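Within every chain, numbering begins at 1; the chains are lettered A, B, ... in the order of the sequence lines, protein sequences first and strands thereafter. Predicted, not measured: the structure shown is a model, and the values here were computed from it.
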Amino acid sequence: MTTAAAIKNTIAPALLRAASVHVRSSALPASLIASSAAHLSSSSPSSAGAGAGGGKAAVLPDLPYDYSALSPAISAETMELHHSKHHNAYVTNLNVALEKLDAAVSIGDVSSIVSLQGALRFNGGGHLNHSLFWENLCAVGRSSFPTSGPLKDAVDSRFGDFESMKREVSAMCVGVQGSGWGWLGYDAKTGRVEAATCPNQDPLKATTGLVPLLGIDVWEHAYYVDYRNVRPNYVNAIWDVIDWGKVEERLAAAK
Amino acid sequence: MSKLSLVLSAFIVGSASGFSMTMKAQTGSNSRREILQKGAAIATAIAAPAAANAYAVPDLNYPFEALEPYIDAPTMKIHHDKHHATYVANINKATEGKDEVDIVALQLNALEAGPAVRNNGGGHYNHAFFWDEMAPPDEAKKTKPSAALEAAINKSFGSLDEMKAAFEARAAPGALFGSGWVWICVSGDELKLVGTPNQDNPLMKGVADSVMFPILGLDVWEHAYYLKYQNRRPEYVSNWWNVVNWDKVSENFAYVTEKKAGVPVRG
C-alpha cells in the first residue's frame, strides 16, 4: 500500500472518528450538531466524496420524485439545476469544510475552528434546508391539506384557518429581502405552529429554535427560470405542490 | 390611484352628474361623459401629491444586447425594466409626501430611515450606478484607468491584476454569501474592497467600517446572472471585466477624490 493510500485508509478515518467526538462537544449549537449528524451518515461510504474515509460525509439525497414531478409549479429545468447544481455544491463545500474542521479540531487549532464557522453555516445550512425542502414537496395530485387532525388544529389555532395561514406565510416569503427561506415551524415551548423567515441559508432550528415543518426556498435560484423577478407568482404556485403528509409527520415527530 | 383621489373623484363625479342634469335642461348637449372626464381630471390633479421624490429609472446608454456575450440581453432587459423599476416604484412610494432628496444624499441615513428606504433607495442608487460604469465590450476594451487611478490601484492592491483577483475572491459565492454587491471604494487616501449584503452600499452610514465612496461596483444577486450563468457566479464575475468602462471608473475616482461625496447617478 502506498503512503498516500495508507493515510487515506487508516490514519484519516481514525482522525475523523476522533474528530467526530470532538465536533459533538464543540461550540456548534447542539441542535445543528444533532441534525447535522442525521444528515452526515452515509449509506455508501464510496459515495461520500471529499476523502471522508470514515463515511461521515454529507451526501446529496436523491429526490423522492422525478425532476418533472412538480411541474408546472416548478419546472423540471429548475428542479434539476436546484438539486444537481445548487444543493450539490452545498454538499461538496460542506464536506470540504468538515474535513478542514476535523483537521483543525484534531490539532486543537481554535483559530481555524472559528474561521470555519461561516462556511459551516452557509453550506451546512444549505444542505439541511434543501434536504428538508425536497421532502416537503410532492406532485400536484398528491398535495392535499388534511381536513382534520393535529396539523389542521395547529394551523387553525395559530392562523385562523388554512387560507389565512397561506396568506400570512406567503406575505412573509415575498417580504424576505435578498436571499432566504420562509418556514412553518413548531415551537416546543408553546406547543404551537409558527411562521418565520431566515436569511441566506441560516437553518431554522439553529437560528430560532423552531423545529422545521415546511420550508419554502425564496432564493432567486428557486424561481428565476420559471417566474423571473415575480416571486409572488412562485410563492402562490408552490402551495399546489406541498406534501402536507410530510409536514404533519414532522409535527408529530416534533411533539 | 390613492384612496384620497378615489374619494375626490367620486365626489366630483357625483357633483358633475348633478350638474349635468341641470345643464341638460338648458343646453341639451353637454355629455355626461365629458363632465365625468373633466371631473376625474380635476380629482386627480387635486389628490395626487406634487411628484415629491419622482425618482426614475434612467435609460441605459446602450441597447440591451450591447453587453453580449458577457451579460445577455434578456438579463439586461429584466434587470433594468423589472428589478430596477421595482426599486424605483418602491422608493417613490416610501418617500411620497416627503421633501425631495437627491438619491445620493438619501443613502447616508438609509439605515435609520428604515427597510423600505434602505432596500429600495439602495437598490435604485446601486443599479443606476451599475448601468453607467459598463460599456459594450468593443468600447470597454479601449478604456483604461487614468494615471491617477492606476497609481491608487497600485498603491492599495499592488497592480490592476491583483485588484481584479482580490475583487473576484470577494465576489465568490463562499465569500459574499446570498445577495449583495462588491465595491471598490475611495476611503481616505486609499482604495478599499468592500462587500455589502442585499441592497446596502458603502455610502450608507453603518454598513461598512466607515462611509466610503464607491467608484466600481458589481451586482452579485442571482438575478444579475442566473439566466446565462445559473449557479456559475465566478464565471460571471471573471467575464464582467470585459464590459467595465475604465474611463467612467476613472471619472468616478476623480469625482469622489475631489468632492468627498458619492458619484452622482441619473434618475
Inter-chain contacts: residues 74-81 of chain A against chain B, heavy atoms under 4.5 Å: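 Residues in range: A:Leu81.
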Audit row: A:Trp183, A:Asn129, side-chain contact (heavy atoms from CB on, under 4.5 Å) steps and yes/no: CA-CA 10 Å; A:Trp183 296 96; A:Asn129 294 339; 3.4 Å; yes
B:Asn126/B:Asn201 under side-chain hydrogen bond (donor to acceptor under 3.5 Å, both in side chains): CA gap, chis, key distance, verdict: CA-CA 7 Å; B:Asn126 297 343; B:Asn201 61 55; 2.9 Å; yes
Side chain, backbone, both or neither of B:Tyr226 within contact of chain A (heavy atoms, under 4.5 Å):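 For B:Tyr226, the side chain is the part near chain A, not the backbone.
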Under 4.5 Å from a heavy atom of chain A, the part of B:Asn198 involved: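 Contact with chain A: side chain only.
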Interatomic distance, A:Leu94 atom CG to A:His87 atom NE2 [nearest 0.5 angstrom]: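 Reported value, rounded in 0.5 Å steps: 9.0 Å.
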Interatomic spacing from OG1 in B:Thr196 to CE in B:Met212 - rounded to 0.5 Å: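 The CE atom of B:Met212 is 10.5 Å from OG1 of B:Thr196, to the nearest 0.5 Å.
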Donor-acceptor contact below 3.5 Å, side chain A:Ser170 vs main chain A:Arg167: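 Here the side-chain-to-backbone pair does not exist.
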side-chain contact (heavy atoms from CB on, under 4.5 Å), paired with B:Ile184, selected from B:Ile153, B:Val194, B:Leu216, B:Asn252: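 In the set B:Ile153, B:Val194, B:Leu216, B:Asn252, the residue that makes a side-chain contact (heavy atoms from CB on, under 4.5 Å) with B:Ile184 is B:Leu216.
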Top contributor to chain A contacts, counting heavy-atom pairs under 4.5 Å, from B:His83, B:Gln230, B:His79: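 The answer is B:His83.
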Toward chain B, the part of A:Tyr90 with a non-hydrogen atom under 4.5 Å: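 Contact with chain B involves the side chain of A:Tyr90 alone.
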Residues B:Asp132 and B:Lys248 bridged, charged N to O under 4.0 Å: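 The answer is no: the pair does not qualify as a salt bridge.
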A:Glu168/A:Arg158 under salt bridge (charged side-chain N to carboxylate O under 4.0 Å, His left out): CA gap, chis, key distance, verdict: CA-CA 11 Å; A:Glu168 193 169 328; A:Arg158 164 63 180 80; 3.0 Å; yes
Top contributor to chain B contacts, counting heavy-atom pairs under 4.5 Å, from A:Asn200, A:Asn123, A:Asn229: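 Answer, by heavy-atom pair count under 4.5 Å with chain B: A:Asn229.
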